[in-house]
Amino acid sequence: MIIEACHIAQFGKWKDADFSFSPGKNSFLWDNGYGKTSFIYFFKLMFYGVSGDRKQDLEENERKHYMPFQGASFGGRIIFRIGEKRYRLERSFGLKKSEDSFRLFEEDSGKESKDYSENIGEELFALDAESFQRVCMISHEDLHFSMNSRMHAKLGNVAEDQEDMKKFQQVQTILKDGINALSPNRRTGNIFKLKMQEEELSSGLYGKEALEKAVLSIEKEVLSLTEKEARRKEEGKALETELSQRISEKDSLGKWMSYAQKKEEWEKAEYRYENALKWYYQDRFSEIPEEKKALLWKEEMQSLQEQIHSIKKEIEKVSEAGGENNGVENIGVETGKEEGIVLPLEEASIPGASRAKKDTSKNETFGNVTKEMGQYGTSPVVLFALVGLGLIFVLLFFGKLFGMPLGLPSALFLLLGILSLSLCFFLWWSGEQKKRTWKEKQEEEEARQRKQQAIRFASLEELLSRFHKLEDMQDLEMEAAGRKEEFLLFVEEEGGEQAFSLLEEKQKEWEEGPSLEESRRKLEEFRKEEEERREEIRKKRAEREAKVRDLEFLEEQERLLEQKKEEREALEKRYNLLQKTKAYLEMAKERFALQYKEPILEAFQKYFQSICTEPLQFQMSEDLELSFVDRGLSREQGYLSEGLQDLCRFCQKLAIFDAMFREEKAFLLLDDPFSHLDEKNGARARALLEELAESRQIFYFTCSEERKLSD
């Protein structure tokens, strides 16, 4: 295949550029930034179209990378010859794939050709775009080489049946992924995970035997406690029978208990009343006859009522005469319990009555005081008149001074003003003195009245205190009489004292036996012990159930362990089968690679020795990975210098290019591949290109005058 000419409409920085090419060597000396890389990729995109439309990276998205800045369509045409037939390939690329176009014409006749489709690159070279870039585009920036299935197919002369090679690569990938997924050595491998699960399950089963023994032991304890509880039930029934009998006996003696209780209440009431009399009479208690002890305090109570009533009336009269409640309303109001006596004020029983009366009294008093005080002072009208008259005379004085036409001299106005103001001050001061004297007399009178009232109230409080004590004694007397009457009535209704004498004898017999409280205490202790035993049984049963659940869980874990072992054994069989399958495929691949590996290695050695004089011996794997032998040991290319590495990769690509295109040679695109070579190796490499250009079309680009090919 020979490219004769091309036209670049728009591509990257190129626009409306035409080129013609020779069948062999085509050398270009262009400076950096001139467009060498864009020119090389123009050929690739014309034959293969753009790729990476979904990539965001500009370097990977070829449409964005080579589209003009103004966003217009880009592309061009290429005229090439295959054998004796010439074609014209036209392509344009838009903003998106739907706007792309492809046309192929027969150059000589101008007719549109159907010899090749839009995938013309793969149809011509039997390589996809990636493989074409690896083999036919050699750049100083990336001389690294790696194989794929399409390249293996091309080298093995099975390019017509490419699906087998694709499937081989897919199968290899699937086998590798499957082996890694099942690996017993990787943490992510299923076999490794199952082994870890088995170890975890096995470690949890160590206590199963001890747990079974514990369950049996707890079961024996539960049976023992249950039997003991059954035996103790008879003892509990006996205690309940004894307590029921004692309660029946106590119920039959209930009348005796009521008799004793009522008698005791009567005696206590008599005792409290007698103690009250002793306290009241003090030392006179033993001297007063018995028949008078109950009369003297009553007579005194009547006398106190009369005295309290008399003092109350006196206080009310004084309060009404004084027009004020000076201190009276501050005394606590109490209501007598007998004869409807109110002490000391009746209106205190009505909420707000005392406060309303006090406010009314205060208002009346304030009016009287104001009226009375007015008798000792000058009328405010007179005072204001004198002040106003004085101010008028003063103003007339100043008016005279400033030239007002007045008939009297200014001194006379000033004198009259001073006299008016002086008279006003004298009248006000004399009135104030009289008011102060009257207030002092009022305060003395109020103090005297308050003192008299305090004396009356102190006497009233003392009488009230004595009266209340006598009231308490009256209550105690009435209580004692009521208790006595209740007791005598109960005895009479139940048959007299003789009946209660017989009950007293039975009571003594009942008390000599075990007490009811003791029987109740024994029964309560028994029931408490019984509840404790039941609680212990419940706890033991709960503990047994918990351990049984733990045992069931361990049994489930044991079953799960067996299941995991079966799964692991099945996966191990599958893992071994995948490894063997992968090994057989690798062997088949190696045998397939032997068909082209040796010719490629021979061609590589020839190219390398024609450029470099280093006596190196090389080896090549089935993936065409190069290594060299040093002192009997195989070494990777990384041990070589950068220049030798680039030289090895360049020679390797030339050898692979020759192996892939044995008959119809494709064209080679070289982007300054000798930039890392020294002067001697670079000169020999360029000489080699001169020789190769005789049998294939080569496009060589460089930015250095020293590295250009001869014209």
Side-chain angles (χ1 to χ4, degrees), residues 1 3 5-19 35-80 82 86-107 110-139 141-142 146 148-151 153-154 159-160 162-163 165-167 169-170 173 666-667 669 671 699:
M1 174 184 176
I3 296 177
C6 74
H7 171 76
I8 303 177
Q10 284 194 116
F11 194 87
K13 68 180 297 181
W14 292 98
K15 184 176 182 181
D16 290 332
D18 291 290
F19 296 90
K36 297 188 296 296
T37 304
S38 298
F39 188 80
I40 292 174
Y41 273 87
F42 170 77
F43 289 100
K44 176 194 171 187
L45 268 61
M46 288 298 291
F47 283 103
Y48 287 95
V50 297
S51 61
D53 281 347
R54 296 184 180 181
K55 303 290 185 180
Q56 296 299 322
D57 189 356
L58 186 62
E59 295 295 330
E60 296 180 0
N61 190 321
E62 294 177 341
R63 189 181 301 275
K64 292 181 179 180
H65 187 79
Y66 296 107
M67 181 179 291
F69 292 148
Q70 63 269 25
S73 62
F74 60 102
R77 65 175 179 269
I78 295 178
I79 299 173
F80 62 94
I82 299 177
R86 298 171 68 239
Y87 295 93
R88 182 174 75 253
L89 169 64
E90 295 181 357
R91 269 189 194 268
S92 65
F93 307 99
L95 296 175
K96 50 188 177 180
K97 188 173 182 61
S98 60
E99 298 177 3
D100 296 351
S101 67
F102 167 83
R103 299 186 73 182
L104 183 67
F105 297 92
E106 295 180 2
E107 178 64 15
K111 296 180 180 180
E112 190 168 354
S113 174
K114 301 296 182 181
D115 294 347
Y116 301 99
S117 68
E118 187 176 356
N119 299 321
I120 186 172
E122 296 186 10
E123 295 168 359
L124 284 174
F125 308 117
L127 293 173
D128 58 10
E130 181 185 0
S131 302
F132 177 83
Q133 183 173 343
R134 294 183 186 182
V135 176
C136 300
M137 298 170 61
I138 303 176
S139 170
E141 295 179 352
D142 184 17
S146 60
N148 60 23
S149 59
R150 296 295 296 273
M151 295 169 67
K154 180 72 172 175
E160 299 300 328
Q162 296 173 6
E163 290 301 319
M165 297 305 299
K166 288 182 180 178
K167 290 178 181 179
Q169 190 66 34
Q170 292 175 0
T173 303
F667 56 91
L669 299 168
D671 184 7
F699 296 86

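Predicted, not measured: the structure shown is a model, and the values here were computed from it.
Contact of the Ile120 side chain with the Tyr87 side chain is not registered, since no non-hydrogen atoms from C-beta on lie closer than 4.5 Å. Within the 4.5 Å cutoff, the side chain of Glu122 has no heavy atoms near those of the Phe132 side chain. Contact annotation: the side chain of Arg86 approaches that of Ile79 to within less than 4.5 Å [non-hydrogen atoms, C-beta and beyond]. No side-chain heavy atom of Tyr116 sits less than 4.5 Å from a side-chain heavy atom of Phe47. Residues Asp671 and Tyr41 form no side-chain contact, since every pair of their non-hydrogen atoms from C-beta on lies 4.5 Å or further apart. Residues Phe19 and Phe39 have side chains in contact (heavy-atom distance under 4.5 Å, counting atoms from C-beta outward).
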Working note: Phe125 + Val135, criterion side-chain contact (heavy atoms from CB on, under 4.5 Å); need CA distance, chi angles, decisive distance, verdict.
CA-CA 11 Å; Phe125 308 117; Val135 176; over 6 Å; no
Kindly indicate, with the supporting measurements, whether the criterion side-chain contact (heavy atoms from CB on, under 4.5 Å) is fulfilled by Glu90 and Ile78.
CA-CA 7 Å; Glu90 295 181 357; Ile78 295 178; over 6 Å; no
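With Asp100 contributing its side chain and Gly94 its backbone, the two residues share a donor-acceptor pair below 3.5 Å. Trp14 places no side-chain N or O within donor-acceptor distance of the main-chain N or O of Ser38, the cut-off being under 3.5 Å. Looking only at distances, no side-chain donor or acceptor of Glu106 sits under 3.5 Å from a matching main-chain atom of Ser113. A donor-acceptor pair is defined here as one N or O able to donate and one able to accept, closer than 3.5 Å; such a pair exists between the side chain of Arg91 and the backbone of Glu118. Between the Glu112 side chain and the Arg103 main chain, no donor and acceptor come within less than 3.5 Å of each other. Judged purely by atom type and a 3.5 angstrom limit, Asn61 uses its side chain to pair as donor or acceptor with the backbone of Lys64.
The CZ atom of Phe43 lies 11.0 Å from the CG atom of Leu89; values are rounded to the nearest 0.5 Å.
For the residue pair Ser73 / Glu99, no side-chain donor-acceptor distance below 3.5 Å is found, with atom types taken as modelled.
Taking every heavy atom of both residues into account, Leu95 and Met67 meet most closely at CD2-SD, 3.5 Å.
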